[in-house]
Amino acid sequence: MKVPVLSLLAALFTLFLGYTYSWTITPIVIGLTYAIAALGVSVMARAGQISFGHAMFACISAYTVAFLAKAMPGLDALVLILAGVVASFVAAVVIGLFVVRYRGIFFGMLNLALSMVLFALLGKLYTLTGGSDGMRIVRPTMAGIVMERESFERALLMLTLVLSLVLAWWVQRYFRSGSGQALSAIKTNETRIEYLGFSAYFIMWKGYLLSAVVVGFSGAILALMQGLVTPEIGSWLRSGEFVFITILGGAGHAAGAFLGAVGFESVKLVSAAYFPGLWQFLLGLTLILVIFMFPTGFVGQITKRIKSRERAQRRAQAPVQVAARN
């Protein structure tokens with residue numbers, strides 16, 4: 001069964017779960033925002049660059065939603081999400097001009113430093129941002145319809161599922177495009193890319209913009225789901241969780257971010273329920289085991305098994321084909 005069919009079935013099952021058990025809507029939507037953010041981080045991981053500060057784009061998007069909802073209470077939720085993503089894009093245009101010049105640990109730490117500056121500013125500018133208490137968001141209309149809390153959350157669940165499928169398709173299409181292949185080539189041999197006449201800087205910058213936009217969606221949706229925006233959305237710990245999910249799922253396919261999010265949330269919820277004092281230890285242990293057993297993540301292991309099965313089938317069919325020719 002092909003990936004699009006499996007993705008659609010998974011989305012339908014998630015929708016059924018949310019509508020049947022309303023208490024699952026909040027954890028499902030929050031889990032999907034983590035998956036979307038990890039999807040954005042995986043774009044730069046294709047070039048071998050891991051950002052430890054990408055949560056700042058989710059934070060920029062979330063605070064844009066909060067500020068606009070406060071300044072213009074009549075704005076629709078769809079408009080607020082779009083505005084948050086645009087703000088993330090604009091920020092990435094400026095930030096990306098500087099950070100994509102660097103590689104490896106310098107790239108990761110520069111993003112981390114910028115996110116920590118933003119985190120500190122949001123905490124200090126109490127009169128504007130509410131400091132560590134954050135900013136509350138009055139529930140807006142959805143597509144022009146005034147909804148109660150439960151209806152709004154269900155509509156947001158459906159919207160998040162649709163956006164997850166669209167963003168996964170978009171990122172996977174990018175991976176298969178010329179720009180995506182060039183981004184992957186930077187990881188192996190950047191000098192050769194330059195000799196072929198391509199600008200590695202420009203390729204990295206485009207990838208960085210896509211990455212920030214995808215993460216921006218997660219921040220805007222999270223803000224509407226929680227109804228509260230705090231600086232913690234852009235903390236270094238949140239960025240670390242995005243990286244954790246990316247490594248867990250693997251960056252070889254867009255589906256890796258969602259598989260990683262399922263693994264992350266499962267381990268987190270089970271360990272927090274049965275081992276509340278050890279949940280962080282269990283998360284770390286899970287990551288270590290995955291790195292040793294599945295270096296390319298869940299999606300890499302699945303891809304490897306599928307290719308091995310296809311090769312075995314071709315070998316089994318080869319004698320039959322030869323006999324048929326004779």
Side-chain angles (χ1 to χ4, degrees), residues 26-45 49-69 77 80-96 99 108 110-123 129-130 132 134-137 156 159-160 163-164 166-168 170-171 207-246 249 257-258 260-261 264-265 268:
T26 298
I28 287 174
V29 173
I30 291 177
L32 285 172
T33 62
Y34 274 73
I36 292 172
L39 182 64
V41 173
S42 69
V43 173
M44 298 313 298
Q49 310 304 315
I50 298 296
S51 170
F52 296 105
H54 250 49
M56 64 178 163
F57 294 113
C59 191
I60 290 170
S61 180
Y63 269 93
T64 300
V65 169
F67 280 122
L68 286 178
L80 292 173
I81 291 173
L82 181 60
V85 173
V86 170
S88 295
F89 174 78
V90 173
V93 169
V94 178
I95 295 172
V99 299
L110 184 56
N111 279 283
L112 174 61
L114 291 170
S115 70
M116 291 178 70
V117 170
L118 176 64
F119 176 81
L121 285 174
L122 292 173
T129 65
S132 58
M135 299 177 65
R136 292 199 172 274
I137 300 174
L156 195 58
L159 176 63
T160 307
L163 281 175
S164 297
V166 172
L167 291 173
W170 184 27
V171 170
Y208 193 84
L209 294 182
L210 172 60
S211 177
V213 165
V214 174
V215 176
F217 274 104
S218 73
I221 295 170
L222 182 63
L224 292 175
M225 188 66 212
Q226 293 184 155
L228 176 68
V229 176
T230 66
E232 295 300 321
I233 295 178
S235 67
W236 65 270
L237 182 60
R238 187 65 59 89
S239 294
E241 289 175 339
F242 296 162
V243 173
F244 184 105
I245 294 171
T246 302
F258 296 90
F264 175 80
E265 289 296 328
K268 187 176 179 180

* To do: Under the side-chain contact (heavy atoms from CB on, under 4.5 Å) rule, what do Phe89 and Leu209 come out as? Steps first, then yes or no, please.
  => CA-CA 6 Å; Phe89 174 78; Leu209 294 182; 4.0 Å; yes
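- Using a distance-only test at 3.5 Å, with no hydrogens or angles considered, no donor-acceptor pair links the side chain of Thr160 to the main chain of Val29.
- A pairwise comparison of heavy atoms in Ile60 and Ser88 identifies CG2-N, 4.2 Å as the closest pair.
- When ring centroids are compared, Phe244 and Tyr34 stay outside the 6.0 Å threshold.
- The two atoms that bring Val243 and Ser51 nearest to each other are CG2-O, 3.3 Å, heavy atoms only.
- We find the CD1-CD distance between Ile30 and Gln226 to be 5.5 Å, quoted to the nearest 0.5 Å.
- Here the straight-line distance linking atom CD1 of Ile81 with atom CG of Leu156 works out to 6.0 Å at 0.5 Å rounding.
- Here the CG-CG distance, from Leu224 to Leu80, works out to 6.0 Å after rounding to the nearest 0.5 Å.
- Between Phe67 and Tyr63, the ring planes lie tilted relative to each other; the angle falls in the 30° to 60° range.
- Val215 approaches Gly40 most closely through the heavy-atom pair CG2-CA, 4.0 Å.
- The closest side-chain heavy-atom distance from Tyr208 to Asn111 is below 4.5 Å.
- Without hydrogens or angle criteria, Ser42 side chain to Thr246 main chain gives no donor-acceptor distance under 3.5 Å.
- Side-chain contact between Met56 and Ile95 is present, with at least one heavy-atom pair separated by less than 4.5 Å.
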